[in-house]
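Just so we're clear, the structure is a prediction, and the values are computed from it rather than from any experiment.
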Amino acid sequence: PPSSCLRCAPVPTVTHTLAGDRDRRNRRAEMTGWKFLSHIQESVMAHIVVLGAGTGGMPAAYELREKLGRDHRITLVNAVDYFQFVPSNPWAAVGWRQREAITFPIRPYLEKKGIEFVAQRVTRIDAEGNTLQLLDGSVLGYDYLVITTGPKLSFDEVPGAGPEGHTRSICTIDHAEQTWADYQKFLDAPGPAIIGAMPGASCFGPAYEFAFIFNKDLQRRKLRNKVPLTFVTAEPYVGHMGLGGVGDSKSMLESDFRNNDIKWIANARVTKVEAGKMFVTELDDAGQVKKEHELPFKFSMMLPAFKGVDAVAAVEGLCNPRGFVLIDEHQRSKKYRNIFSAGVCVAIPPVEATPVPTGAPKTGYMIETMVTAIVHNIAAELSGKAAYAKGTWNAICLADMGDTGAAFVALPQIPPRNVNWFKKGRWVHLAKVAFEKYFMYKMKNGSSEPVYEKYVLKALGIERLEGEPKSDAR
């Protein structure tokens, strides 16, 4: 091959059955020195590239390898060379977890499964030419692209917000470590604190988690009495979660806030943040201004709104105006038929209109159902069949609250639902700790859904796929 770097070498075969696709690839092949097979049905290998190695991308790579065997080439591309278990970041932000406990290097674990790995940021996607341009200028070709990048954190939508401004974040392990460093300084001179989510946010669960974990840590340090705590959220009411509520989430979370002396402001539109002061416009249910707040603080953690990452958002016809990938019922791009997407980066409309804009969250198990659908649909196409699999988008969420926790099951996540269940208790805290260890084990051992997990969830009526032919069931 013209390149000595295997991971960036052009793909030597093509598997699509459309003549236009074949001809386009052959033109690209002539420029790179490869010659594609000319007989549409005689190709033996496809190159599937997974973009993003988070809680969607890592399982996608492993599941593709398991489903497709060694007959096809799989490459995982990620901006950094390590995996991070993001759900544990609230613990890391108060010193309850160290970085090494919730991260690990990706390459050695993928190599065991015969999956190639590229630790570089993608600067451009040529969806017509089926290539990715990497940060170092090299080009990686693909036959199928699976986009699981997660979001761009849109701190800039509120002046003064974010790690470069006056509020902290727990969205990445780097952010969590910065929050922990600032929190330690705060402990030396405690005062008012604000925790919550900015306008346009869609991932509210971690904000609630961090509020309760922050509260519990201060109690253990005998400092809670020195810290007035306010929860500021774009949700129309506490417990909305971007889902229109789940079960009795509103009354239960309001009760927990009262019991822990946490004040709250819902329908809150944060307009700007200055050093030590947050400006908040509180709206009523009709969207009219109810009250203007100037809230003092010495510590603040506010989750931002999300957007699509730049390279994905820039592809013409791929995304909505905020850069989220537009997909059909099979998780496939509506414009580019060999591009699939799962996770936070897909476009899902809000559950309902709210006075302050909110988005719909994409929870962990919901993302796994999307990934499984993608894997089955790519496998179907490679075998000459039509895509059929649809993710159930079922949601299972475990939210830690320090020494207790709250759990909800929403089947499916988007209402109307067949199951709408919200419970709390110490068992949730223990389950969250166990799940962290379990998921890290899965990601290191390359199994996205062990048999015992599948059948336990099936016994509870929780399935990953709709429309799966019996002959293809795993």
Side-chain angles (χ1 to χ4, degrees), residues 1-16 18-38 43-54 56-58 60-61 64-65 68 71-82 106-107 110-111 114-150 152 308-319 323 325 332-333 335-342 345 374 378 381-382:
S3 170
S4 60
C5 177
L6 176 61
R7 68 191 184 200
C8 297
V11 186
T13 58
V14 63
T15 57
H16 288 286
L18 296 176
D21 283 352
R22 184 196 64 207
D23 293 339
R24 184 169 62 250
R25 285 177 175 78
N26 281 333
R27 287 195 297 272
R28 175 163 60 89
E30 290 172 2
M31 292 188 291
T32 58
W34 282 101
K35 184 176 182 180
F36 286 99
L37 297 181
S38 59
S43 57
V44 295
M45 178 179 286
H47 186 202
I48 302 103
V49 173
V50 180
L51 180 55
M58 286 284 284
L64 281 163
R65 174 56 75 221
L68 302 179
D71 295 333
H72 302 282
R73 180 182 171 201
I74 299 168
T75 301
L76 182 62
V77 180
N78 197 48
V80 297
D81 63 358
Y82 58 87
I106 293 173
R107 188 180 306 279
L110 293 186
E111 286 179 346
I115 300 169
E116 297 169 39
F117 178 59
V118 179
Q120 283 196 59
R121 183 167 61 86
V122 170
T123 59
R124 181 175 179 269
I125 300 172
D126 179 1
E128 294 290 345
N130 302 295
T131 61
L132 306 178
Q133 183 170 322
L134 305 176
L135 185 61
D136 67 358
S138 60
V139 174
L140 181 67
Y142 64 82
D143 291 300
Y144 287 95
L145 178 63
V146 180
I147 300 174
T148 56
T149 56
K152 177 181 179 179
V309 301
D310 292 342
V312 174
V315 179
E316 183 181 357
L318 181 65
C319 301
V325 180
R332 181 170 45 196
S333 165
K335 181 172 182 178
Y336 303 99
R337 308 307 285 171
N338 63 332
I339 296 180
F340 292 78
S341 187
C345 57
I374 290 171
I378 290 176
E381 288 201 356
L382 290 174

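- Annotation: side chain of V315 is not in contact with side chain of I339 (no heavy-atom distance under 4.5 Å).
- The two residues A53 and I106 make their nearest non-hydrogen contact at CB-CD1, 3.7 Å.
- Looking only at distances, a side-chain donor or acceptor of H47 sits under 3.5 Å from a matching main-chain atom of G141.
- Checked by atom type and distance alone, the side chain of R65 pairs as donor or acceptor with a backbone atom of G114 at under 3.5 Å.
- Contact of the L76 side chain with the M58 side chain is registered, since non-hydrogen atoms from C-beta on lie closer than 4.5 Å.
- When all heavy atoms of I374 and F340 are compared, the pair lying nearest together is CG2-CB, 3.8 Å.
- Rounding to the nearest 0.5 Å places CG of D310 at 11.0 Å from CD1 of I125.
- Between Y82 atom OH and R107 atom CZ the span is 15.0 Å, to the nearest 0.5 Å.
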**Request:** Determine, stepwise, if the pair Y336 / N130 fulfils side-chain contact (heavy atoms from CB on, under 4.5 Å).
**Result:** CA-CA 10 Å; Y336 303 99; N130 302 295; over 6 Å; no
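- The shortest side-chain heavy-atom distance between L318 and I147 falls under the 4.5 Å cut-off.
- Separation of atoms CZ (R332) and OG (S341) is listed at 13.5 Å; rounding is to 0.5 Å.
- Here the CD atom belonging to E316 is positioned 4.5 Å from the NZ atom belonging to K335, to the nearest 0.5 angstrom.
- Contact between F117 and V80 at its shortest, heavy atoms only, is CZ-O, 3.7 Å.
- Between G308 and A313, the shortest heavy-atom contact is O-CB, 4.2 Å.
- Under the side-chain contact (heavy atoms from CB on, under 4.5 Å) test applied with H72, the options L382, I378, D143 reduce to a single match, L382.
- A pairwise comparison of heavy atoms in L134 and T123 identifies O-OG1, 3.8 Å as the closest pair.
- In this structure, OG1 on T75 lies 11.0 Å from CG on L64, to the nearest 0.5 angstrom.
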**Asked** Taking it one step at a time, do L68 and I48 satisfy side-chain contact (heavy atoms from CB on, under 4.5 Å)?
**Response** CA-CA 10 Å; L68 302 179; I48 302 103; 3.6 Å; yes
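- Heavy atoms only, all atoms of each residue included: T149 and C345 are closest at OG1-CB, 3.6 Å.
- Panel note: side chain R73, backbone M45; no donor-acceptor pair is recorded below 3.5 Å.
- A distance-only check finds no donor-acceptor pair linking the side chain of D126 to the backbone of T131 [under 3.5 Å].
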